[in-house]
Amino acid sequence: MDTPLTETVLTVRFTPEQIEAIDAWIARADPPLPSREEAVRQLVSGRLGAHGPSTVLPDFVTGRDIV
């Protein structure tokens, strides 16, 4: 029997500078451009897969590509 996919809704607050960094990352993405929500999922997933959870936020808030 297959287990149904479940998602958890997580509400996160971002500063205007963080939103600008996310938007800049989106603008550099290949079409079709992801939504902000999808961009955050991609950024977090890529960072967690690459370096573990302890290093997500420092690079994320500076706006550098981390995926």
Side-chain angles (χ1 to χ4, degrees):
M1 176 186 290
D2 290 329
T3 304
L5 177 64
T6 59
E7 294 181 354
T8 300
V9 175
L10 180 64
T11 302
V12 181
R13 294 176 192 234
F14 292 99
T15 65
E17 293 81 12
Q18 292 168 326
I19 293 295
E20 288 178 22
I22 293 167
D23 289 346
W25 184 89
I26 291 169
R28 292 189 304 272
D30 292 328
L33 299 181
S35 64
R36 281 183 179 159
E37 293 84 358
E38 180 58 26
V40 170
R41 281 192 287 272
Q42 289 179 24
L43 289 163
V44 171
S45 292
R47 190 57 164 187
L48 289 175
H51 301 287
S54 64
T55 58
V56 172
L57 291 177
D59 287 349
F60 180 72
V61 298
T62 64
R64 293 189 305 229
D65 286 341
I66 59 175
V67 175

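We're numbering straight along the sequence, starting at 1. All values derive from a computational prediction rather than experimental measurement.
The heavy-atom pair separating Ala39 from Pro34 by the smallest distance is N-CB, 4.0 Å. Scanning all heavy atoms of the two residues, the minimum distance from Gln18 to Arg13 falls at OE1-O, 4.2 Å.
Residues passing the side-chain contact (heavy atoms from CB on, under 4.5 Å) test with Arg41, sequence neighbours excluded: Glu37, Glu38. Every residue two or more places apart in sequence or in another chain was checked for a side-chain contact (heavy atoms from CB on, under 4.5 Å) with Glu20, and none qualifies.
Rounding to the nearest 0.5 Å gives a distance of 6.5 Å between CZ of Arg36 and CD1 of Ile26.
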